[in-house]
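Down below is the structure, laid out as structure tokens.
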Amino acid sequence: MGLITLQDIFCRASPDYECTHALPAHVRRAARAIMQCRTAALGGHVHACPDGHVARVWYNSCRHRSCPQCASLQTERWLALQRARLLACDHYHVIFPLPHDLHPLWLANVPVMTTLLLQAVRDTLYDLLGDPKYLGAPPGIIAALHTWSQTLVLPPHVHGLVTGGGVPPAGQWVAVRHGLLLPVRVVMAVLRGKMLDAIRQAVARGALTLPKPMPPQQLDTLLHRLGHPTQTPWNVWSMECYRHGAGVVTYLARYLRGGPLKHARLVAFDGACVTLLSRARHEGTAGSQRMTLPVADRLQRWLLHVSVPQMRVVRYYGLYHHTHADTLAVCRTALGQPPVAAPVCLDWQALCAQRGEAHPERCPTCGQLLVCTGVIPRGGAPPPVLTGEIAA
Ligand SMILES: [Zn+2]
Ligand SMILES: [Zn+2]
């Protein structure tokens, strides 16, 4: 069975899909980027062995945030940067979903609602942890918006990685007590209040568009109902403690680039239907399941998650905000860590070496470094005669 890629699926199905569905410009751009990634359309260059053993074509990458072919290098760079900054203390992984009833409002206002949710999460954690009753010090927070699950159905939620300690004004490092970040019920109540307030204020200043059939009165009723915990639960999905933040950062990184569908999950595509593996999450149903959907449905689900340009889906607050480098340094000293060292900027060759793959720019016959022998312009045709493989 040949490897199926998202690019295959897009190249075969997306042109028809785009003819029959009105898509926003940034979504069309994403589809085009994925179809053209590492093809002659984007240009590239020829690398050859000085002794003529081999010549390879390297086509340029699209570098689109949603492209699975382009994800790994960017993800590894981001990870290296975060690992270098993480404090050596307990971290808590908190997940804040947006209640189901607010999904239509979110879909009609993705950038604004994303900002409101991230800010509500930040303010909730800040206010509560800043309270001497709990921690009494501002924490470090890395918050990331995720908009998909294994089945690509939309449940927008924020993952927060929160330090289990901090430094109070003019004080020493303090950690949360009894391995508990915050009481879940208190977090839910405060977040609910902040998010509903933020939505009401945004509506009042005309910053939110109501989803199509919803009159303003209906939104009022909905917000009123969401304010009553007994009528609509406002859950915090998880608040687990980890000895280090590195594992959670790795988990967050998987979502940041490469879009919602990784190639390893694609098992079959016959031109009409796509089958993919999804991990069964719940206990008792371990292993993976296969799910087959018509390709148009699959595309629709995928395209829903193309992020709006300039929307920042990861944010850093408190100790992890770049303006608080001094406080971060104080915390690192308190925890016995050296100052943050700038990580070496990872390149493609270093990444291959890290994974134990063959050096992509050495001749497999004589081991010499390949040299650039030609440039292929954008939209250009591949050079006519080449020996050796066409590199991916
Ligand atoms: Zn790409
Ligand atoms: Zn050679």
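Predicted model only: the values in this text are computed from it and were never measured. Just so it is clear, the values below take in all heavy atoms, side chains as well, and ignore hydrogens, waters and symmetry mates. When a ligand or atom number is given, it counts from 1 through the structure's own listing order.
- For His157 and His159, the side-chain atoms include at least one donor-acceptor pair closer than 3.5 Å.
- Note on the Zn ion (ligand 2): protein N/O/S atoms under 2.8 Å are Cys49 SG, His53 ND1, Cys363 SG, Cys366 SG.
- Side-chain atoms of Ser61 and Arg38 include a donor-acceptor pair closer than 3.5 Å.
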Just distance, no hydrogens or angles: give the donor-acceptor pairs under 3.5 Å from side chains in residues 118-135, sequence neighbours left out.
residue: Thr124; atom: OG1; partner: Ala120; partner atom: O; Å: 2.6
residue: Asp127; atom: OD2; partner: Lys194; partner atom: NZ; Å: 2.8
residue: Asp131; atom: OD1; partner: Lys133; partner atom: N; Å: 2.9

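- Within the protein, the N, O or S atoms lying under 2.8 Å from the Zn ion (ligand 1) are Cys37 SG, Cys62 SG, Cys67 SG, Cys70 SG.
- Environment of NE2 in His244: sparse, with no more than 12 heavy atoms of neighbouring residues, nucleotides or ligands closer than 6.0 Å.
- A donor-acceptor contact shorter than 3.5 Å links the side chain of Arg85 to the backbone of Tyr320.
- More than 12 heavy atoms of other residues, nucleotides or ligands shown are found within 6.0 angstrom of CZ on Arg28.
- Side-chain N or O atoms of Arg298 include none that pairs as donor or acceptor with a backbone N or O of Leu293 at under 3.5 Å.
- When the salt bridge (charged side-chain N to carboxylate O under 4.0 Å, His left out) test is applied to Glu76, no partner is found at least two apart in sequence or on another chain.
- Between the side chain of Gln368 and the backbone N or O of Cys49 there is no donor-acceptor pair closer than 3.5 Å.
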